[in-house]
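Please read the structure below before turning to the comments.
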Amino acid sequence: MRFKLLTLFAAALLVAACETAPEETAAVDTSGVVEQPAAQPASPGGPTPGSQEDLLLNVGDRIFFAFDRSDLNADSRGTLEKLASWMTTYQNVTITIEGHCDERGTREYNLALGERRSDAARDYLVALGVDGGRVTTISYGKERPAVLGSNEDAWAQNRRDVFVVN
Amino acid sequence: MNNSATSFVSAVALVLAVALGSGVPARAELNVDITQGFVEPLPVAITDFYAETLEESKTGKDLAGVISADLERSGLFRPIDHGAFIQDAASLRKGPRFSDWRLINAQALIQGSVEMQPDGRLRVNFRLWDVFAEQQMTGLAYFTTPSNWRRVAHIVADVIYKRLTGEDGYFDTRLVYVAESGPQNRRVKRLGIMDQDGENHRFLTAGNELVLTPRFSPTTQEITYLSYIGEIPRVYLFNLNTGQQEVLGDFPGMTFAPRFSPDGNKVIMSLADNGNSDIFTMDLRTRGVKRLTNHPAIDTSPSYSPDGRRIAFNSDRGGSQQLYVMDSDGGNVRRVSFNQGRYATPVWSPRGDLVAFTRMSNGEFYIGVMRPDGSGERMLTKGFLVEGPTWAPNGRVLSYFRQTPADSRGRVTSKVYTIDLTGFNERELTTPIDASDPAWSPLIP
């Protein structure tokens, strides 16, 4: 029951996040995004095809997890299916999947849990036909929250995988 | 005046040397019972160590101050304010007037002297007196380089602690930890090291890469820890003498949660392979790797028993994160935590009789201890987030870190604390900036 509520919550947050996505993402997600200054729009009309911005706009750069879980829900699978298709379009693109956790676990266990989360997404991409060599994973455990705060809202947004174009 | 003083000190040194050789007669009267939950701290008089020159006098005062602070922080002793002292330092050199010390209810009296030697070394003498029995309990002399005075103070405090409690001290030790700064989503983490009283602090890494979970070698001046150098999370060794860092092994996946074996010859750690974390050991001489667990569950945070025969770890193989104990070859795995909540970070006491852990239940975190079979579970402290216990080498005091929930601006603070095994005497260990992941060293060799 609690998980279902949280999932709904997460979905609502995702929608909310989309409304202000560009600025917030730049502000919070410094682990990978910031190091991609090349991802500038090729034309005033839109992002460079195959860039991080393109991925963010047309796929979504993250999926969310229930507390202490690493299984993919329907939303996550939907996002990953779009990602697989996007990666089929941009065959030269390789990505890193960052696995993250909320702060309500111990450090070492969360490193393992983040690893599981990033690998769950990678497995699904591979099952969808993406070459595993194009997808690397890294766990940050609870070390790199996307949202600052010690409440259910923040924790739900921090239990995530983030897709970063290399 | 000077001459007679010098000959007096020499005479004392002789007496001390004799006492050291023959062993001080044991007495039962003055003894701190530390098996009880809360003990009324023992009142002790710690006089400034006597010296002839101004400079030596300052060292003498500093020595007494450090000894006094060590004993006070243990929670077992209450140093008496110097203003209450009746007998003055000069007459104390001729011997204690015990009635004067009994009047201010000093149970034990500590006196000492400091003298620079012609060869540039510092000589520090001290004596511990049982005031009511009117008897010397111990007395020792040390020679050291003057800059090393602080260590001598800790060593003296350890001798006093042991003489009065019957247990080994833990004051001549250090802690390595993770120093934290900046906002949570861009937290800068550096390895830091300090004496157990927070002094002699220095940073070991610059903060360019994320570092986590440092742990001391029981036998060498080395630390094992996790670093994200090159954005690859792997286990490293840090040599405190040379400052060199060295990656441990070359594995396809993340290596993490390292700890030394009790003999210092191996590092036990988790290795993630295709998303699954199992426990391995690496022999530091041969670099041979041995798998200990092979399970689709998360197996991590391994910790050896002090005899090296068993390993405690946490696993979610039963559906949630719990504590398990296995033989050192990976066999005979059994679950030992059964109460409500999730259990993590088991750390075996240096005495072998207890395992400390982090427990999460009903939205709170706890630091607790249990016997290695899971019996006798006891919580020592709790909070929004308390995590990562580490034992002082005498198995009597623990350290851990405490993080606050984020405030309205998303800021958190994280501090290192110490607590007595009884759950009393919880104290913050002051660090220059925020701190987490403390690890206590063995007694410095």
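Lettering of chains follows the sequences in order, A, B, ..., and the numbering in each one begins at 1. As the structure is a computational prediction, the values presented were derived from the model and not from experiment.
Per-residue counts of heavy-atom pairs under 4.5 Å with chain A were compared for Ala272(B), Ser301(B), Ser277(B); the largest is that of Ser301(B). Put simply, of Asp316(B), Asn276(B), Thr345(B), Ile232(B), the one with the most heavy-atom pairs under 4.5 Å next to chain A is Asp316(B). For the options Ala344(B), Ser408(B), Ala257(B), heavy-atom pairs under 4.5 Å to chain A are most numerous at Ala257(B). Interface remark: of the candidates Gly253(B), Ala406(B), Ser436(B), Ala406(B) forms the most heavy-atom pairs closer than 4.5 Å to chain A.
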Please report the C-alpha distance between Tyr140(A) and Glu231(B) in whole Å, then the side-chain angles of each, then the deciding distance to 0.1 Å, and finally whether the side chain to side chain contact (heavy atoms under 4.5 Å, CB included) criterion is met. CA-CA 10 Å; Tyr140(A) 284 98; Glu231(B) 289 303 298; 2.2 Å; yes
Worked check of side chain to side chain contact (heavy atoms under 4.5 Å, CB included) between Glu143(A) and Lys189(B): CA-CA 10 Å; Glu143(A) 305 305 317; Lys189(B) 296 199 173 189; 2.7 Å; yes
Going through the checks in order, is the side chain to side chain contact (heavy atoms under 4.5 Å, CB included) test met by Asp68(A) and Met360(B)? CA-CA 12 Å; Asp68(A) 198 18; Met360(B) 295 150 278; over 6 Å; no
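With hydrogens and angles ignored, the 3.5 Å screen pairs a side-chain donor or acceptor of Arg104(A) with a backbone N or O of Gly363(B).
Side-chain contact check for Arg187(B) versus Arg144(A): some heavy-atom pair is nearer than 4.5 Å. In this structure, the side chains of Ser139(A) and Met254(B) come closer than 4.5 Å at one or more pairs of heavy atoms.
Within a 6.0 Å radius of CG in Asn92(A), other residues, nucleotides and ligands contribute 12 heavy atoms or fewer. The 12-atom threshold is not exceeded at CZ of Arg409(B), counting heavy atoms of other residues, nucleotides or ligands nearer than 6.0 Å. Heavy-atom neighbours of Lys382(B) NZ from other residues, nucleotides or ligands within 6.0 Å: at or below the threshold of 12. Within 6.0 Å of CG in Asn151(A) there are more than 12 heavy atoms belonging to other residues, nucleotides or ligands.
Among the candidates Thr300(B), Asp437(B), Thr213(B), the single residue satisfying the side-chain hydrogen bond (donor to acceptor under 3.5 Å, both in side chains) test with Arg107(A) is Asp437(B). Put simply, the residue from Leu148(A), Val147(A), Asn158(A) that forms a side-chain contact (heavy atoms from CB on, under 4.5 Å) with Gln184(B) is Leu148(A).
Contact annotation for Phe401(B): only side-chain heavy atoms (C-beta onward) come within less than 4.5 Å of a heavy atom of chain A. Heavy atoms of Pro296(B) lying under 4.5 Å from chain A belong exclusively to its backbone. Heavy-atom distances place both the backbone and the side chain of Phe384(B) under 4.5 Å from chain A.
Between the side chains of Thr106(A) and Gln321(B), at least one donor N or O lies within less than 3.5 Å of an accepting N or O.
The stretch residues 335-342 of chain B places Arg342(B) near chain A, each with some heavy atom under 4.5 Å from a heavy atom of that chain. At a heavy-atom cut-off of under 4.5 Å, chain B is reached by Tyr109(A), Leu111(A), Ala112(A), Leu113(A), Glu115(A), Arg116(A) from residues 109-118 of chain A, listed in order of number.
Glu103(A) meets the side-chain hydrogen bond (donor to acceptor under 3.5 Å, both in side chains) test with Ser150(A), Trp155(A), Gln403(B); sequence neighbours excluded. Looking at residues two or more places apart in sequence or on another chain, you find a side-chain hydrogen bond (donor to acceptor under 3.5 Å, both in side chains) between Thr413(B) and Thr404(B).
We find that Arg259(B) and Glu108(A) are not joined by a salt bridge, their nearest charged nitrogen and carboxylate oxygen being 4.0 Å or further apart.
Here the CD1-OG distance, from Ile298(B) to Ser70(A), works out to 7.0 Å after rounding to the nearest 0.5 Å.
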